[in-house]
Chemist: 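What follows is a structure written as structure tokens; I'll ask about it next.
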Amino acid sequence: MVQGITRLIVSSGVAVLLGGRSVRVAFRRTPGRFQIGAWSLDLTLSSQSATMYQRARDARFAPYALPAPEAIYYTAFTDSDGQVLRRGCTYRIEGTDPDTRWWSLSAYSSNRLIPNLRNRYSFTKTMVNRLSDGNWSIIFSPREHAGNWLPGATESGPLKLVLRCYGPGPELLANPTAVPLPRIRKGAVR
Amino acid sequence: MSAWLLWTSSILLEAAILHVVIVLWTPRLVGRFSAAKMRAFAGRLNAIGYRGLPVAGRRALTTNPDMATAFGVYDLSHGPVRIACTLPPWDSYWSISLYAWNTDCFFVINDQTAIAGNFDLIVSRKLPAEPPGPFEMQAVSPSKRGIIVVRMVALDREDSEELSRIEQVIRKTSVVTGAPAQSRARVIHGRSLA
């Protein structure tokens with residue numbers, strides 16, 4: 001009797017572990033996500049044409065996003081050299097305006113905004129200071145910097161950058177995987 | 001040997017069933033959980049609550065810090081729902097989007113694609129027999145209940161005057177249940193964006 005109950009508990013536990021783990025693996029391997037350098041792009045967000053795996057993944061990690069072509073979201077978990085982003089590190093993010101009506105670049109740690117005294121969590125098309133050639137450079141750092149400073153955190157932890165493009169233009173819509181995206185360089189602050 | 005084979009097979013079968021259940025039910029559970037929170041925030045069904053701009057510390061995941069939002073839960077149990085929408089009178093991204101119970105977005109419109117500065121969005125389970133009025137749009141919901149999200153960009157999140165104007169615009173969005181078709185069209189004097 002005791003042996004039977006023990007066996008049932010053990011087998012149920014193993015089944016739960018296997019089932020849960022297999023879902024995580026399936027989410028990672030589900031197609032529909034493109035990798036463009038450091039940035040990943042998911043064109044199935046909130047889409048009615050998403051597969052059951054895409055829908056489950058998006059509901060878990062990005063529920064109630066706007067679908068393409070209303071908005072296009074690029075997400076980075078690594079810098080341009082492939083190193084995992086950390087919120088306690090300094091990064092220079094350099095880019096040019098995407099072909100879109102309005103854009104914003106925001107930083108998150110564990111999917112939440114990073115608290116800071118400036119109450120600043122992003123730079124946007126209308127807020128960013130541009131260089132003379134029209135490009136821009138944003139410094140993500142726990143230490144204050146002149147210019148487009150996006151405050152980080154003194155303690156370490158994961159970091160995610162999200163570039164949102166609202167009202168994407170024809171060039172971006174035609175090929176969202178081929179447009180130039182910002183470069184993310186670690187510690188590249190003069 | 002056969003006992004071990006049976007035990008392993010039953011574990012694999014249980015794991016496979018659990019896998020399918022998780023994948024199929026994640027969107028529904030997220031929908032129900034989110035709807036419960038949104039309904040509590042808005043105060044009731046068929047109402048919209050103004051959330052404003054996100055700040056650090058809130059539990060919402062990966063929200064845009066420059067997007068003022070309002071949201072609520074619509075319920076079509078008692079017939080179509082009419083959402084009165086007001087667009088900002090200045091050039092800034094505004095949108096209203098509707099999500100089915102499984103988190104799919106089945107309708108979205110923004111300030112550049114809207115038919116007028118003020119219009120009514122009629123949400124129903126099937127397309128009404130009558131064509132929409134001049135200041136009406138129709139959306140067919142795949143589920144009896146769903147989520148309404150109104151978004152508006154804050155060009156400068158530190159500009160309290162702009163934030164106040166955004167709040168005034170978004171708070172004009174209202175939800176009416178079972179309203180007869182064409183009822184509001186006569187009293188709307190919207191600016192045409194065409």
Side-chain angles (χ1 to χ4, degrees), chain A residues 7 10-23 26-27 45-50 52-53 55-67 70-71 73 75 101-102 104 106-108 110-116 118-127 160 162 164 166-167, chain B residues 7-8 10-31 33-34 53-67 69 71 92-93 95 97 99-100 102-106 108-113 142 147 149 151 153-158:
Chain A
R7 187 174 290 183
V10 169
S11 61
S12 299
V14 173
V16 167
L17 283 175
L18 276 177
R21 181 72 187 161
S22 67
V23 170
F27 281 175
L45 282 175
S46 300
S47 168
Q48 289 184 288
S49 59
M52 68 175 192
Y53 282 105
R55 180 173 291 114
R57 181 186 62 194
D58 297 342
R60 169 71 182 83
F61 297 108
Y64 308 115
L66 285 169
E70 184 66 21
Y73 303 88
T75 308
R101 183 180 173 197
W102 191 80
S104 74
S106 323
Y108 301 88
S110 302
N111 289 319
R112 303 194 196 290
L113 296 170
I114 300 170
N116 65 85
R118 290 282 186 93
N119 198 28
R120 183 185 292 163
Y121 313 107
S122 64
F123 275 93
T124 70
K125 182 179 183 177
T126 42
M127 276 176 61
K160 176 170 86 171
V162 179
R164 295 175 166 91
Y166 295 91
Chain B
W7 192 63
T8 307
S10 69
I11 286 176
L12 290 177
L13 182 64
E14 278 181 62
I17 291 170
L18 187 68
H19 177 102
V20 173
V21 168
I22 292 174
V23 171
L24 287 179
W25 275 89
T26 295
R28 290 177 177 85
L29 288 177
V30 168
F33 183 66
S34 305
L53 290 179
V55 291
R58 281 204 190 144
R59 294 191 64 188
L61 298 179
T62 323
T63 50
N64 185 346
D66 304 290
M67 190 71 82
T69 53
F71 40 74
S92 189
Y93 179 87
S95 70
S97 42
Y99 297 83
N102 65 354
T103 72
D104 280 0
C105 180
F106 65 90
V108 59
I109 196 161
N110 63 48
D111 59 297
Q112 293 190 334
T113 52
I147 306 288
V149 182
R151 294 175 165 90
V153 160
L155 298 177
D156 181 355
R157 62 175 285 132
E158 292 176 8

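Just so it is clear: chains get the letters A, B, ... in the order the sequence lines come, proteins before strands, and each one is counted from 1.
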Chemist: What residue, out of B/S34, B/S10, B/P142, has the most heavy-atom pairs lying under 4.5 Å from chain A?
Modeler: B/S34
Chemist: At a heavy-atom separation under 4.5 Å, does B/R28 approach chain A through its side chain, its backbone, both, or neither?
Modeler: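 When you check distances to chain A, no heavy atom of B/R28 falls under 4.5 Å.
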Chemist: So which part of B/L155 gets closer than 4.5 Å to some heavy atom of chain A, the side chain, the backbone, both or neither?
Modeler: both
Chemist: Under 4.5 Å heavy-atom distance to chain B, tell me which part of A/R55 shows up: side chain, backbone, both or neither.
Modeler: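 Both parts, backbone and side chain.
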Chemist: Examine whether an atom of B/L24 lies under 4.5 Å from a heavy atom of chain A, and if so say whether it belongs to the side chain, the backbone or both; otherwise answer neither.
Modeler: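 The answer is the side chain of B/L24.
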Chemist: So which atom in A/N119 and which in B/R157 form the shortest heavy-atom distance, rounded to 0.1 Å?
Modeler: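 Distance-wise, the nearest heavy atoms are O-NE, 3.6 Å.
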Chemist: Could you tell me which portion of A/S49 (side chain, backbone, both or neither) has an atom closer than 4.5 angstrom to a non-hydrogen atom of chain B?
Modeler: neither
Chemist: Determine, stepwise, if the pair A/Y73 / B/N64 fulfils side chain to side chain contact (heavy atoms under 4.5 Å, CB included).
Modeler: CA-CA 11 Å; A/Y73 303 88; B/N64 185 346; over 6 Å; no
Chemist: Rounded at 0.5 Å granularity, tell me how far CG in B/D66 sits from CZ in A/R120.
Modeler: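 Answer for the CG-CZ pair, B/D66 versus A/R120, is 11.0 Å.
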Chemist: OH/A/Y166 to CD/B/Q112 distance, rounded to the nearest 0.5 angstrom?
Modeler: 15.0 Å
Chemist: State, to 0.1 Å, how close A/A15 and B/E14 come at their nearest heavy-atom pair, and which atoms those are.
Modeler: CB-CB, 3.5 Å
Chemist: Could you state the interatomic distance from CG (A/L113) to OG1 (B/T63), rounded to the nearest 0.5 Å?
Modeler: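 Rounded to the nearest 0.5 Å, the CG-OG1 separation comes out at 5.0 Å.
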Chemist: Provide the closest heavy-atom pair for B/V30 versus A/P63 in the form atom of the first, atom of the second, distance.
Modeler: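 Nearest pair, atom of B/V30 first, then A/P63: CG1-CB, 3.9 Å.
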Chemist: Name the region of A/V23, side chain, backbone, both or neither, that has any atom closer than 4.5 Å to a heavy atom of chain B.
Modeler: both
Chemist: Under 30°, 30 to 60°, or over 60°: which ring-plane class applies to A/Y64 and B/Y99, parallel, tilted or perpendicular?
Modeler: perpendicular
Chemist: Given a strict heavy-atom distance threshold of 4.5 Å, which part of A/A62 is in contact with chain B: side chain, backbone, both, or neither?
Modeler: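 Neither; nothing under 4.5 Å.
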Chemist: Just give me the residue among B/D104, B/V20, B/L13, B/L29 that pairs up with chain A most often, heavy atom to heavy atom, under 4.5 Å.
Modeler: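 Of B/D104, B/V20, B/L13, B/L29, B/D104 has the most heavy-atom pairs under 4.5 Å with chain A.
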Chemist: Measuring heavy-atom distances to chain A, does B/S92 have an atom under 4.5 Å in its side chain, in its backbone, in both, or in neither?
Modeler: backbone
Chemist: Using a cut-off of under 4.5 Å for heavy-atom pairs, which of B/L18, B/V23, B/L12, B/D156 has the most such pairs with chain A?
Modeler: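 Answer, by heavy-atom pair count under 4.5 Å with chain A: B/V23.
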Chemist: With a 4.5 angstrom heavy-atom cut-off, which part of A/S106 approaches chain B: side chain, backbone, both or neither?
Modeler: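 Just the side chain, heavy atoms under 4.5 Å.
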Chemist: Let's test your reading of the structure: which of A/R57, A/K160, A/M127, A/R7 forms the most heavy-atom pairs below 4.5 Å with chain B?
Modeler: A/R7
Chemist: How long is the span from the CD atom in A/E70 to the SG atom in B/C105, to the nearest 0.5 Å?
Modeler: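 Interatomic distance, A/E70 CD to B/C105 SG, rounded to 0.5 Å: 8.0 Å.
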Chemist: Rounded to the nearest 0.5 Å, what separation is found between the CD1 atom of B/I22 and the CZ atom of A/R60?
Modeler: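 Spacing of CD1 (B/I22) from CZ (A/R60) equals 11.0 Å.
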Chemist: Using a cut-off of under 4.5 Å on heavy-atom pairs, state which of A/D58, A/L45, A/L66, A/V14 scores highest against chain B.
Modeler: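 It is A/L66.
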Chemist: Measure distances from A/S11 to the heavy atoms of chain B and classify the residue's part below 4.5 Å as side chain, backbone, both or neither.
Modeler: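 Contact with chain B involves both backbone and side-chain atoms of A/S11.
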Chemist: Which heavy atom of B/P65 sits nearest a heavy atom of A/Y108, and at what distance?
Modeler: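 Looks like CD-OH, 3.6 Å.
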Chemist: With chain B, which of A/R101, A/Q48, A/R21 has the greatest number of heavy-atom pairs at distances under 4.5 Å?
Modeler: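 Among the listed options, the one with the most contacts to chain B is A/R101.
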